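Heavy atoms only: backbone and side chains are in, while hydrogens, waters and symmetry mates are out. Everything quoted here is computed from the prediction, not taken from an experiment. In the text below, chain A, chain B and the rest are named by the order of the sequence lines, each starting its count at 1.
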Protein chains: 2
Amino acid sequence: MQTHFTIDCVIYSFNEGKLQVLLTERNEYPYKDWWALPGFFVEKGEEMEDAVKRILYEHTGLKDIFMEQLGAFAGVKRHPQGRILTVAFSTIVKYEDVKFKIKPITSYMRQAKWFAIDELPELAFDHHQIIQQSLRKLKDSINYSTAVYELLPEKFTLTQLQQAYEAILGKTLDKRNFRKKISNSGFLKELQEVQKGVSYRAARLYKFDKRKFQKQLGIE
Amino acid sequence: MQTHFTIDCVIYSFNEGKLQVLLTERNEYPYKDWWALPGFFVEKGEEMEDAVKRILYEHTGLKDIFMEQLGAFAGVKRHPQGRILTVAFSTIVKYEDVKFKIKPITSYMRQAKWFAIDELPELAFDHHQIIQQSLRKLKDSINYSTAVYELLPEKFTLTQLQQAYEAILGKTLDKRNFRKKISNSGFLKELQEVQKGVSYRAARLYKFDKRKFQKQLGIE
DNA sequence: ACAAAAGTGTTGCCAATACACCCATGA
DNA sequence: TCATGGGTGTATTGGCAACACTTTTGT
């Protein structure tokens, strides 16, 4: 038995203190004019991982971003024209990096736009379900992955980091406990730099030290 | 673009103190005479979850077992005849329940057999990779899932439970700490029964209280 | 001087670890 | 009586949660 085969992408970012998801407005049936996850058909002979890269590139202009597989969604009724199996992937991009790069290249979608995770429109197909599943996984893995750091610019303040945690978890955290936990973890590099252009006390800037993080994971 | 679509099952069990995986010996090309995960094509119009149940049934005689999705494997070269996308699922069955039910129904495989996880033969396709990925997930989730209890008979001793943990994790655990942890968790029901037929002090039997377990998870 | 956010310590509790001996039973 | 696994307690440690005030800076 054969099935059509697509990829759908859950692309997260962080802006205005909120976790955002990139959606596209469809310009073709079915679900014309609906918002949906960026997604395409995989081409014949194309490796799934290559298809993922291609689609990510076509929607964001980004390259060399690792996307993690969420799983397959294969409901017979998820597409009105019969089964179309989709494998969902997710990733996180820095908002600054993609701000001016979001450009729909294909004609089947009209525009791409960021939506706050708690203000999603109604979505085509089973894409709402895909997002919810992805979000749960993101929350569950927040302490074992580099996800939060992908949300932030290279140099960031501790308050920004805390806001990113809070955006993912959907709840507020205690400032002192958060800072203790982070500084104990030992994979932030403290810079000799502070914020600029703020009208209050400037905060110290930090960098994520991926090396040390990887090492700590290696202990098992 | 279309692709063939199969399901592969990683079925775990526990016997002779070891974690076991059920494999089938193929009787058709490609990979004739090789060992492989039990797997079939999904039928047209068949829901993926139904296909999973069907395949599990055909190989083990078991019904109403929940299988968890591991993910999609879609390498263009994973099958010599071109891309065959497979979605891998995994589950755990009680060895006693299936001991006499393992019966290949289809003719494309010659026999089904349990293999200890650390004594696997060479496997067809990318099945070794699928198993390794599944095993990592099993280890990671051992404390948040009912997996270990699926390995054991309904009534079991604490030592048996500890052995199941050790089989999954691949390492030994401290007896007292293990018992403390388990009895603190509060989802074991102590029975007024002990082991029979052993030539040493008979151990108390316990049951897993799924209700309480679910409740504890609900706290988040 | 004021507004706004940065930054900082202590305490109590709980969970996880390390570790060694006596007990009950059947052969 | 012996072999075998069953069963038990304590002390230490490290991480997590609760909680409020002072400092710095720009306007």
Separation of D:dG15 atom C1' from A:Phe178 atom CZ, nearest Å, is 16 Å

Result for 5'-nearest mapping on DNA chain C, choosing between A:Gln160 and A:Ser199, is A:Ser199

Between CZ of A:Arg204 and P of D:dT23 the distance, given in whole Å, is 18 Å

Whole-Å distance, B:Lys175 NZ to D:dT4 P, equals 14 Å

Q. Taking NZ, NE, NH1 and NH2 as the nitrogens, is one of them in A:Glu58 or A:Arg54 under 4.0 Å from a carboxylate oxygen of the other?
A. yes

Between CZ of B:Arg179 and C1' of C:dT17 the distance, given in whole Å, is 17 Å

Distance criterion of 3.5 Å, no angle test: do you see the side chain of A:Lys181 paired donor-to-acceptor with the base of D:dG15? no

**Asked** Does any donor-acceptor pair link the side chain of A:Arg201 with the base of D:dT23 at a separation under 3.5 Å?
**Response** yes

Taking C:dT8, D:dG9, D:dG7 as options, the one with an atom nearest any side-chain atom of B:Arg176 is D:dG9

By nearest-heavy-atom nucleotide on DNA chain C, the more 5' of A:Lys180 and A:Thr159 is A:Thr159

Rounded to whole Å, the CG-C1' distance (A:Asp174 to C:dT8) equals 12 Å

- Message: Quick check: any donor-acceptor pair below 3.5 Å linking the side-chain of B:Asn177 to the base of C:dA18?
- Response: yes

Rounded to whole Å, NZ of A:Lys171 lies from C1' of D:dA17 at a distance of 11 Å

Taken to the nearest whole Å, OH/B:Tyr206 to P/D:dG7 is 6 Å

